[in-house]
Amino acid sequence: MTFDRFGRHINYLRISLTDKCNLRCVYCMPEDMTFRPRAELLQDDEINRLVTIFAELGFHKFRLTGGEPTVRANVVDIVGRIARTPGVETVAMTTNGLLLKDLAQPLAAAGLKRVNVSIDTLDPTKFKKLTRWGHVEDVWAGIEAAERAALGIKLNAVVVRNYNDKEDVVEMARLTLHHNWQVRYIEMMPFGDVADFQQAGVVTEKELRQTIEESLGPLTLVNDGELDGEARLYHLAQAQGALGFISSVTQPFCASCTRVRLTADGRLRLCLLREKEVNLLDPMRNGASDEQLKEIIRDGIWWKPWGHRLEQQVIPLNRVMSEIGG
Ligand code: SAM
Ligand code: SF4
């Protein structure tokens, strides 16, 4: 078991499979984003080795993300290898859904249990504006394929003021009336070059709940407000699904945080909103043994930060979101 100095039990690893993406969401990366050369990224065997090491350290929950994880070559094999690693209990994925139409079934067969599909609005014009290139109907086809493949489904919407903060959040909420899905609203977080835009566009949970309640009626808190992962859950009367609010900026969930992240270039990112990282790639390529890597990981996790420093204008600048994985 692996603990940090605050006594938090850390057992959940999010792995960014690639920094590349087939979209350019306005809140995530600049349109002219440059990506890392392939040789700088973790190779399949390196991912496999690190997963085994993390599982031996007591990690049992793994999530694949990106960039866009489905554009990584061999993604189905990678999922299969992780799912078969002793100690691994769940493998999930966060994806923009564009390629799920064809991949949902093979991924489920390889051992994937759940997908979080990012879809910020159901309106095709606004979807294109937010993603710069995307067609919402492709995402929808991906969600349907995930449902056919019996994958658990959550939908993620990042809310951006003046883009999708009004009728779009209501239409997303309406989906839960007839689908047993969790629709989650994510508060926009500031990173790197796009921080000014992100900070100007944050919409708080309180505003969102008000917008939804004005159109669809009262929201009832689920589980007395106990967090489901990072989300606080509510439901609409008669709804099959739930609404989740992830308010990492205005209501951080540090006390219940169990996660660390592995960036596509092999750095252990200890907190999404802090720059502190531990390089695992170089020691691994320089011949470190499994025991030595475990020591580096344990030591890094011990120093996992608590709390962001956004209110003091300390914004993580060393990476944009797509390089960390969300
Ligand atoms: N490409 C995949 C996707 O979009 O789901 C996985 C990677 S993406 C970086 C992971 C999640 O982070 C997505 O739900 C995305 O909407 C969210 N995200 C990206 N930039 C964000 C930001 N600045 N603040 C909050 N969430 C963000
Ligand atoms: Fe790509 Fe996901 Fe970032 Fe959008 S949020 S640009 S889909 S990595």
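We number each residue from 1, following the sequence as shown. Ligands are counted one by one from 1 in listed order, and the atoms in each one are counted from 1 as well.
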(request) Enumerate the atoms of ligand 1 whose separation from the nearest heavy atom of Asn156 is less than 4.0 angstrom. (result) 14 (O)
(message) Can you confirm, on distance only, whether ligand 1 has an N/O atom lying under 3.5 Å from any N/O atom belonging to Asp120?
(response) no
(request) Indicate the ring-plane relationship of Trp181 and His179, choosing parallel, tilted or perpendicular according to the 30° and 60° boundaries. (result) parallel
(request) Assess the pair Phe245 and Tyr234: is the distance between their ring centroids shorter than 6.0 Å? (result) yes
(message) Between ligand 1 and Gly66, is the shortest N or O to N or O distance under 3.5 Å?
(response) no
(message) Measuring from atom 8 (S) of ligand 2, which candidate in Pro69, Pro30, Gly97, Gly67 has the nearest non-hydrogen atom?
(response) Gly67
(message) Show me which atoms of ligand 1 lie under 4.0 Å from any heavy atom of Thr65.
(response) 6 (C), 7 (C)
(request) Tell me whether the guanidinium CZ or amine NZ of Lys129 lies under 6.0 angstrom from the six-membered ring centre of Tyr163 and within 45° of its axis. (result) yes
(request) Would you check whether Glu68 has a nitrogen or oxygen atom less than 3.5 angstrom from a nitrogen or oxygen atom of ligand 1? (result) yes
(message) Report whether any nitrogen, oxygen or sulfur of Cys21 sits less than 2.8 Å from atom 1 (Fe) of ligand 2 (N, O or S, backbone or side chain).
(response) yes
(message) Applying a heavy-atom cut-off of 4.0 Å, say which part of Asn116 lies close to ligand 1: side chain, backbone, both or neither.
(response) neither
(request) Within a distance under 4.0 Å of any heavy atom of Glu187, pick out the atoms of ligand 1 and give their elements. (result) 25 (C)
(request) Could you tell me whether Asp44 and Arg72 have a side-chain N and a carboxylate O separated by less than 4.0 Å? (result) yes
(message) Does only the side chain of Val158 get under 4.0 Å from ligand 1, or the backbone, or both, or neither? Count heavy atoms.
(response) side chain
(message) Side chain or backbone, does Gly67 bring an N or O within less than 3.5 Å of an N or O on ligand 1?
(response) yes
(message) Whether Glu46 and Arg285 form a salt bridge (side-chain N of Lys/Arg under 4.0 Å from carboxylate O of Asp/Glu) is what I want to check.
(response) yes
(request) Consider ligand 1: state whether an atom of it lies below 4.0 angstrom from any non-hydrogen atom of Met29. (result) no
(request) Just jot down the ligand 1 atoms closer than 4.0 angstrom to any heavy atom of Asn96, in number order. (result) 2 (C), 3 (C), 5 (O)
(message) So for Ser118, does at least one of its heavy atoms come nearer than 4.0 angstrom to any atom of ligand 2?
(response) no
